[in-house]
Amino acid sequence: MADSLVIVESPAKAKTIGKYLGSKYIVKASMGHIRDLPKSQIGVEVENDFNPKYITIRGKGSVLKELKSASKKVKHVYLAADPDREGEAIAWHLAHYLELDASDTCRVVFNEITKQAVKDAFKTPRKINMDLVNAQQARRILDRLVGYKISPLLWKKVKKGLSAGRVQSVCVKLIIDRENEIDEFVPEEYWSITAKVSQNGVPFEAKYHSIGGEKRELGNEQEMQAVLDAMDSGSDFKVAEVKEKERLRNPAPPFITSSLQQEAARKLGFRASKTMSVAQQLYEGVELGKEGTVGLITYMRTDSTRISPIAQEEAKEYITQRYGAPYMPEQLRVYTKKNSNAQDAHEAIRPTAVMRDPDTMKPFLSRDQFRLYKLVWERFVSSQMSSAVLDTMTVDMLSGEVKFRANGSKVKFAGFMKVYVEGNDDGAEEEHKFLPPIEPGDIIPAEAIEPKQHFTQPPPRFTEARLVRTLEELGIGRPSTYAPTLETIQKRGYVAIEEKKFMPTELGDLVIQLMEEFFPEILNAEFTANMEGDLDHVEEGSQDWVKVLTTFYESFEKRLEVAEEEMKEIEIQDEVSDEICEKCGRHLVYKMGRFGKFLACSGFPDCRNTKPIVKDIGVPCPKCEEGKIIERRSKKGRIFYGCDTYPACDYVSWDKPSGKPCPKCESMLVEKRNRNGAKLQCPTCDYSEELQDEEQEEA
C-alpha cells in the first residue's frame, strides 16, 4: 500500500521515477506549471509590494483535482519538480494548492534521473527554498510589467499584436545593430602574395610576411607590385630560420546550456528549441530494454561547469581502460566559471553513466536523441582527458629582402582530440598542415608566385549559435530563457531567418526605434545584465525581491507616462507589389511571416489568398529544360529548389543547382555545404569539385 505521493512535472519523468521508487510511492505529473498570472489583466498589485494575483491555469482543473485526491490518501507528499528557480516555484504553487505545511520537508531535488540519485534525494528532503521562489517571482513580475505596460502602448500607437519584452527587445536590438554595422561597412582593399614551393617532393605554401624587416601591409596593387619588384629575379628562396616547438591544446569544458545550444547548432544543425526538447527527453528517461527507463544526461538547464567527483572517477576509469593511461592527465581537470554571475547549483551537462557509450545506446534512441547524446558524451569524456600535443614548425624564407613564412603543424599526441574537437562559428575545422624536413640555408625553388586581391568583409549576421554566445557574454538572460526568446522574436515578426542567419524586419526596426526613444534602459544590455545579477542576489538571499522591483519600477513608471503623452501614432502601410491576386483581382502586398516575406491579398480578410515570393536563381531546369529553377520554402521554413512550371515538372532538390554539367555524366552539379566548406557535387555519380573562391564568396 502506497503511503507517499511524489509530484513531478512530466509523465515521462513520472514513469522513470516510479520504476525506481517502487510500490510505496505514487508518482504523478503536474504537467508543468499549475498557477500563473492571468492573461486578461496585468495581475500584479503594484501598490501592494507587487503582490502577484495567481490563478489556476486553464485546463489544469482535472489534474489538480486528481493530485488533491491522491494527497489525502497518503502520509507524505514530495514535490520533485526540476532543480531550478522555475521548478522551485512550481513546487511552491503545488504546496499552496495542496495546503502543505510551510515547514514540511517536502521538496526533493536531483540533478540526474538515475536509480541511485533518486533514492539518495529521498533520503534528504528539504523545505521549499523561498529565495529561489522569490527570484522566479521577481523575474515573472518584471517580465509581466514590461510586457503588459509597453505592449498595449504599441498596440495603440502602432498596430495590434505587437509586444515588448525585457530580454527579447535587447535580442532584437543586437540583430538590428549588427545589420546597421553591415550596411555601414566600407570594404577596404588588401593583397596577399602566396608562394607555392616544394621540398623533397613535398609541396607547401608560404605567405608574404615582411619586406626589409618591416611588416608592411599591402593595401593596393602598387604596394603589392613593389614587393614583387623587391624579390630576387630568380625563383629560389633561401631558408633564413626554422623554429620547431611543441604546443599544448587543452580540451573544452563540459557543456553548459548555452554551449550545448551553440555546438548543437554548429555540428547538428539544431535550433535552440530543438536542442532543449531533445535534451529534456534524454534527461527524463529512455527505455533501455532490460535495464528499464533511465535518464541518460544530467539536468540540461545550467551555467555551471562543475563535475561531481564520482563522475570524474568514472570517467577516469573509462578513459584509462579504453585509451590507456597517457590519455588521462596527472590531475583531474577542474573548470572554473567563465561568468562571475553563473549559478553553481547544478553540475555541467554530462552523461549519467560514462560506460553507456553512444554506440551501446544507439539501438534505444531516435536519430536526434542519438546525435545529441553522442555530442554530450564525447564533450564530457574529452573534457576529462589529457591535452593534445602538436608539433609546430615555422619556416622563414627570403627572396631578396622579402620574407615569406610557412607554418605547419602535426598532431604528436592526440589526447582529447581522439574523442572530440570543439566546433567554431565559421564551420571550418582546424587543418593541420605538415611541412617536410627543412634546415636553415636550404634553397627551395618556387613553383609559382600568386598575388591576390581581397576586400575586408563586414561582421557576419547572427546565427543562433552566435546570438546565444553573445547573450551569454553580455550576461543577458539565463539558461532557460535563450530558446524561448529566440522563438518569440520570430513569432512576433521582428526578425526572420535567411540561410540560418537572423535578419531584422521593418516591423522589428520600427518597434526598436520607439523603444530606444522612450524606454532606452530596457534596450541597454548592461542594464539588463545588471538586472539578471540582482535576480541572482535574490536567489542567494542577499537581496530583497520587492526592493529590486521597486527600484526598477520607479523610473519605468515615469518613462511610461512620457510615452503615453509623446509617442505618436504610426500607421504601417503594406508595400504594394505589381502582382495581381488571381482570386479577386486586387493587388498583392508584401507581408512578413515567421520565415520571411510573402505575398498576401490586400483585400484581407475578405480574400485570404497568399503566395510565396519566388526567387529565380538563374538556372534552367535540368529535367524539363523549359522551366527555370526557383527558390522555395517548405512548411517548416527550409529552403529547397524546384521548377517554376510545377506541377507540370516535378524537379526538386534540397541542394542548390549550379547550372554546370557534370564532366562525367552530364547531370547538373549541385552545391553541397557542410562545416568543412562547400563543393560542387554530381547527384547521380561520384564526381565532385571544390567551389572556386569567387563562387564561395558569392554564396
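Between R379 and Y420 the shortest side-chain heavy-atom distance falls below 4.5 Å. At a threshold of 4.5 Å between non-hydrogen side-chain atoms, the residues D655 and P683 do not count as touching. The shortest side-chain heavy-atom distance between I449 and M231 falls under the 4.5 Å cut-off. Contact annotation: the side chain of Q384 never approaches that of P329 to less than 4.5 Å [non-hydrogen atoms, C-beta and beyond]. Looking at heavy atoms from C-beta onward, I175 lies in side-chain contact with I489 at the 4.5 angstrom threshold. Residues E464 and L467 have side chains not in contact (no heavy-atom distance under 4.5 Å, counting atoms from C-beta outward).
A salt bridge between D536 and R478 is present, with a side-chain N of the basic residue lying under 4.0 Å from a carboxylate O of the acidic one. The existence of a salt bridge linking E246 and K412 is confirmed by a sub-4.0 Å separation between a basic side-chain nitrogen and an acidic carboxylate oxygen. For E263 and R266, the salt-bridge test passes: some basic side-chain N is under 4.0 Å from an acidic carboxylate O. Taking 4.0 Å as the cut-off between side-chain N and carboxylate O, E205 and K433 do not count as a salt-bridged pair. Between E347 and R350, at least one side-chain nitrogen of the basic residue sits less than 4.0 Å from a carboxylate oxygen of the acidic one, meeting the salt-bridge criterion. E223 and R216 are not joined by a salt bridge, as no carboxylate oxygen comes within less than 4.0 angstrom of a charged side-chain nitrogen.
Remark: the Q453 side chain and the E189 side chain contain an N/O donor-acceptor pair separated by less than 3.5 Å. Between the side chains of R356 and T352, at least one donor N or O lies within less than 3.5 Å of an accepting N or O. Side-chain polar atoms of K207 and T194 form a donor-acceptor pair below 3.5 angstrom. A donor-acceptor pair shorter than 3.5 Å cannot be found between the side chains of E184 and N180.
The main-chain N or O of S273 is never found under 3.5 Å from a side-chain atom of S277 such that the two would form a donor-acceptor pair. A donor-acceptor contact shorter than 3.5 Å links the side chain of Q312 to the backbone of R333. Judged by distance alone, the side chain of N200 and the main-chain N or O of V202 form no donor-acceptor pair under 3.5 Å. For the pair T528 (side chain) and I476 (backbone), a donor-acceptor distance under 3.5 Å is absent. The backbone N or O of P309 lies less than 3.5 Å from no partner atom in the side chain of E313, so there is not a single donor-acceptor pair. In this structure a side-chain-to-backbone donor-acceptor pair under 3.5 Å is missing from S387 to L248. Side-chain atoms of S386 come within 3.5 Å of backbone atoms of P326 as a donor-acceptor pair (strictly under, hydrogens ignored). Y335 places a side-chain N or O within donor-acceptor distance of the main-chain N or O of S383, the cut-off being under 3.5 Å. Not a single donor-acceptor pair under 3.5 Å links the side chain of E666 to the backbone N or O of P661. Remark: the backbone N or O of K672 is not paired with any side-chain donor or acceptor of Q681 at under 3.5 angstrom.
Going from atom CZ of R249 over to atom CZ of R247 covers 7.0 Å, rounded to the nearest 0.5 Å. Here the straight-line distance linking atom CE of M355 with atom CD of E317 works out to 4.0 Å at 0.5 Å rounding. Here T394 contributes atom OG1 and R405 contributes atom CZ; the two are 6.0 Å apart, rounded to the nearest 0.5 Å. Between I297 atom CD1 and I349 atom CD1 the span is 6.5 Å, to the nearest 0.5 Å. Here NZ of K660 is found 12.0 Å from CE of M668. Values are rounded to the nearest 0.5 Å. We find the CG-OG1 distance between L471 and T481 to be 7.5 Å, quoted to the nearest 0.5 Å.
Residue S667 comes nearest to T684 through the heavy atom pair OG-OG1, 2.8 Å, listed as atom of the first residue, atom of the second, then distance. In plain terms, the two heavy atoms of A348 and I307 that are nearest each other are CB-CD1, 3.8 Å. Minimum interatomic distance between A230 and I211 (heavy atoms only, all atoms of both residues): CB-CD1, 3.6 Å. For the pair W377 and V354, the tightest heavy-atom approach, listed with the atom from each and the gap, is NE1-O, 2.8 Å. Residues V402 and F404 share a closest heavy-atom pair of CG1-CE1, 3.5 Å.
Within a 6.0 Å sphere centred on CD of E526, heavy atoms belonging to other residues, nucleotides or ligands number 12 at most.
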| Full working for side-chain hydrogen bond (donor to acceptor under 3.5 Å, both in side chains) between E472 and S258 | CA-CA 7 Å; E472 181 191 21; S258 60; 2.8 Å; yes
| message | Applying side chain to side chain contact (heavy atoms under 4.5 Å, CB included) to L260 and T275, what does each step give before you reach the verdict? | response | CA-CA 8 Å; L260 175 64; T275 298; 3.8 Å; yes
| message | Show, in sequence, the C-alpha distance, side-chain angles and deciding distance for R461 and E179, and conclude whether the side chain to side chain contact (heavy atoms under 4.5 Å, CB included) test is met. | response | CA-CA 7 Å; R461 291 188 174 96; E179 197 66 22; 2.8 Å; yes
| Y299 vs Y283, ring pair (Phe, Tyr, Trp, His ring centres under 6.0 Å): CA-CA, chis, key distance, verdict | CA-CA 6 Å; Y299 193 55; Y283 165 69; 5.2 Å; yes
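Of the listed residues (F413, Y318, F416), just one forms a ring-ring contact (aromatic ring centres under 6.0 Å, His included) with Y327, and that residue is F413. Results of the side-chain contact (heavy atoms from CB on, under 4.5 Å) test with S480 over M276, R301, M300 single out R301 as the only residue that passes.
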Only pairs under 3.5 Å count here: list side-chain donor-acceptor contacts from residues 434-448, not counting sequence neighbours, and write none if there are none.
residue	atom	partner	partner atom	Å
D442	OD2	Q199	NE2	3.1
D442	OD2	E439	N	2.9
E447	OE2	S198	OG	2.9

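Counting only residues at least two apart or on different chains, no ring pair (Phe, Tyr, Trp, His ring centres under 6.0 Å) pair has a member in residues 241-279.
Partners of D183 according to the side-chain hydrogen bond (donor to acceptor under 3.5 Å, both in side chains) rule, which considers only residues two or more places apart in sequence or in another chain, do not exist here.
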